Protein chains: 2
Amino acid sequence: MSGTTDVSRADATRARLLEAATGAFAEKGFHGTTTRDIATLAGMSPAALYVHHKSKEELLYLISRTGHERTLALVEAAAASSEDPVEALRRLVHDFAADHAVTHTGARIVNYELAALSPEHFAEIRAIRQRIDRALGDVVERGLATGAFDTPDPRMAGVALLSLGIDIARWYRDDGSWSPQDIGARYAEMALRIVGAG
Amino acid sequence: MSGTTDVSRADATRARLLEAATGAFAEKGFHGTTTRDIATLAGMSPAALYVHHKSKEELLYLISRTGHERTLALVEAAAASSEDPVEALRRLVHDFAADHAVTHTGARIVNYELAALSPEHFAEIRAIRQRIDRALGDVVERGLATGAFDTPDPRMAGVALLSLGIDIARWYRDDGSWSPQDIGARYAEMALRIVGAG
DNA sequence: ACTCGCTAAGTAAGCGCTTAGTCACATAGG
DNA sequence: CCTATGTGACTAAGCGCTTACTTAGCGAGT
């Protein structure tokens, strides 16, 4: 009982530190954030960070890996959600865009702080990104194969679709007038126009 | 004459420092770049930077302002290049996308290092960005007014068009297989599909 | 029941190092 | 001699991270 309590308390502290790091990295970038910033945001002393994590870079890696894995799961689920390429792509772009809006702080780190990762961590993350690209590319190819899509350069269209979603992390603000669901729905329609479905 | 020579030599040195800073900021970010990185890249001693520039932030500001002014000029020229909204938008997106590919190092700083600017410099830059947004928005509105475009949410379509171009700065590599002209042409076609022209 | 030693969580202080920026001085052209 | 250009040596401040230490809760031995 008490053991369990201790473990969950430690986990909560780790999570607080990760949340603090996410906010700070998203706002000021990895190199613009100090370990004191993170500790202060989490309401702890600078040394507490090192009780729970090996280094500042490890915090970045954990945030980046978690975010990438969530996105990969979301994209693969959407790709497999329907036999119909139109419906699969609609859901993929909808969920991808809405997720980038909801988790825009994390998504900012995921997409714009890759260069601050260690070479080993970067290699691991890059592999996940390639799986995301492939899942999207497969849906586009399915649509071309069935004749549902019509685009002169499918690979470039795929890059553009990803850009649309990723860039949301750059411009989205919580106090804006568009909800993540609005954005997801509109972006899904734009995506279908881009690939010539309709 | 010799006075002129001296001035142009100084200008060349300033330009070398700006180029070095552009490369370093684009690769490692403003906070991840040291003044020694910049000076070394420019082939000078660390102190030489301060002969020609007030601070590291001033370098960022100069790079950012120059880049934004170039983009604004390009966008306004494209918007005014044709009475036909379809042709104006085609040229705008083509030039915007191709320029982000050609100048991707500078464009990366322009779009992803805004938070590192001083508050005063940021305010100035933001004003330029708003003029860019407005120029694009005007073209989209013209297309809607003439019935050439058809889109349920023109403001969101405008944001998406900008995202398409801006995100090129994130993924474009000089050794890739697509030329800036290829990208510009394909992206212009995708843009017209997004706004429902066609 | 009650110490005792063990462990995990957390901190105050500060180490070794790097940072942006400064300054006295050297050099060269006029 | 004067000004513009550039440098090596320097400084104050801030960085990531470590260390020595405190505190609190736990099971084991008696």
Side-chain angles (χ1 to χ4, degrees), chain A residues 1-22 24-25 27-63 109 113 115-119 121, chain B residues 1-25 27-64 109 113 115-119 121:
Chain A
M1 184 137 58
S2 54
T4 305
T5 303
D6 284 1
V7 167
S8 69
R9 178 118 77 130
D11 282 355
T13 306
R14 283 171 60 92
R16 275 227 316 286
L17 286 164
L18 281 168
E19 270 178 52
T22 302
F25 290 164
E27 193 185 343
K28 305 193 281 184
F30 177 77
H31 291 297
T33 299
T34 71
T35 54
R36 283 163 181 80
D37 290 339
I38 299 167
T40 302
L41 270 174
M44 314 190 74
S45 76
L49 197 155
Y50 294 91
V51 173
H52 295 282
H53 297 284
K54 256 178 53 189
S55 66
K56 182 183 157 191
E57 194 271 344
E58 195 198 67
L59 282 168
L60 174 64
Y61 165 65
L62 289 174
I63 294 165
I109 298 163
E113 299 295 337
L117 289 165
S118 73
H121 287 159
Chain B
M1 185 132 60
S2 56
T4 305
T5 303
D6 284 2
V7 168
S8 71
R9 177 120 74 132
D11 282 355
T13 307
R14 284 170 60 92
R16 275 227 317 286
L17 285 164
L18 281 169
E19 270 178 53
T22 302
F25 290 164
E27 193 186 342
K28 307 193 281 183
F30 177 78
H31 292 295
T33 299
T34 70
T35 55
R36 278 163 181 75
D37 290 339
I38 299 167
T40 302
L41 270 173
M44 314 192 72
S45 77
L49 197 155
Y50 294 92
V51 173
H52 295 282
H53 298 283
K54 258 178 51 190
S55 67
K56 181 183 156 189
E57 194 271 344
E58 196 198 65
L59 281 167
L60 174 64
Y61 166 64
L62 289 173
I63 295 164
S64 191
I109 297 163
E113 298 295 337
L117 289 165
S118 73
H121 287 159

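Order of the sequence lines sets the chain letters (A, B, ...), proteins ahead of strands, with each chain counted from 1. Everything numeric here is computed off the predicted structure, so don't read it as measured data. What you see below is based on every heavy atom in this structure, not just the backbone, and it leaves out hydrogens, waters and symmetry mates.
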Length of the line joining A:I38:CD1 and D:dC15:C1', which is rounded to integer Å: 12 Å

Under 4.0 angstrom between A:T35 side-chain N/O and D:dC17 OP1 or OP2: no

A:H53 NE2 to C:dA9 P, straight-line distance once rounded to whole Å: 11 Å

Selected nucleotide, minimal atom distance to A:S45 side chain, candidates C:dT11, D:dT18, D:dT7: C:dT11

Considering all heavy atoms, the nearest A:A39-A:S45 contact: CB-O, 3.5 Å

A:A48 vs B:T33, nearer the 5' end of DNA chain C by closest nucleotide: A:A48

Nearest-Å distance for atom pair OH/P, residues B:Y50 and D:dG8: 16 Å

N or O in side chain of B:H31 less than 4.0 angstrom from C:dT19 OP1/OP2: no

Atom of B:L17, atom of B:A48 and distance for their closest heavy-atom approach: CD1-O, 4.3 Å

Nearest-neighbour nucleotide for the A:M44 side chain, C:dG21, D:dT18, C:dG10 considered: C:dG10

C:dA9 OP1/OP2 closer than 4.0 Å to side-chain N/O of A:T13: no

B:T13 vs B:H52 side-chain heavy atoms within contact, under 4.5 Å: yes

Length of the line joining A:L17:CG and C:dG10:C1', which is rounded to integer Å: 11 Å

Distance in angstrom units between B:D37 CG and C:dT18 C1', rounded: 11 Å

Closest to side chain of B:T34, choosing from C:dG10, C:dA20, D:dC17: C:dA20

Distance, rounded to the nearest Å, where B:L49 contributes CG and D:dT7 contributes C1': 13 Å

C:dG10 phosphate, OP1 or OP2, under 4.0 Å from A:H52 side-chain N/O: yes

Nearest heavy-atom neighbours spanning A:Y50 and A:K56: OH-N, 4.4 Å

Minimum-distance nucleotide to A:V51 side chain [options: C:dA9, C:dG21, C:dT22]: C:dA9

Main-chain N/O of A:P46 paired to A:R36 side chain as donor or acceptor, under 3.5 Å: no

Side chain of B:K56 (C-beta onward), nearest among C:dC23, D:dC17, C:dG21: C:dG21

Nearest-angstrom distance from the residue atom NZ of B:K28 to P of C:dT18: 14 Å

Residue met sooner reading DNA chain C from 5', once A:R36 and A:G43 are mapped to nucleotides: A:G43

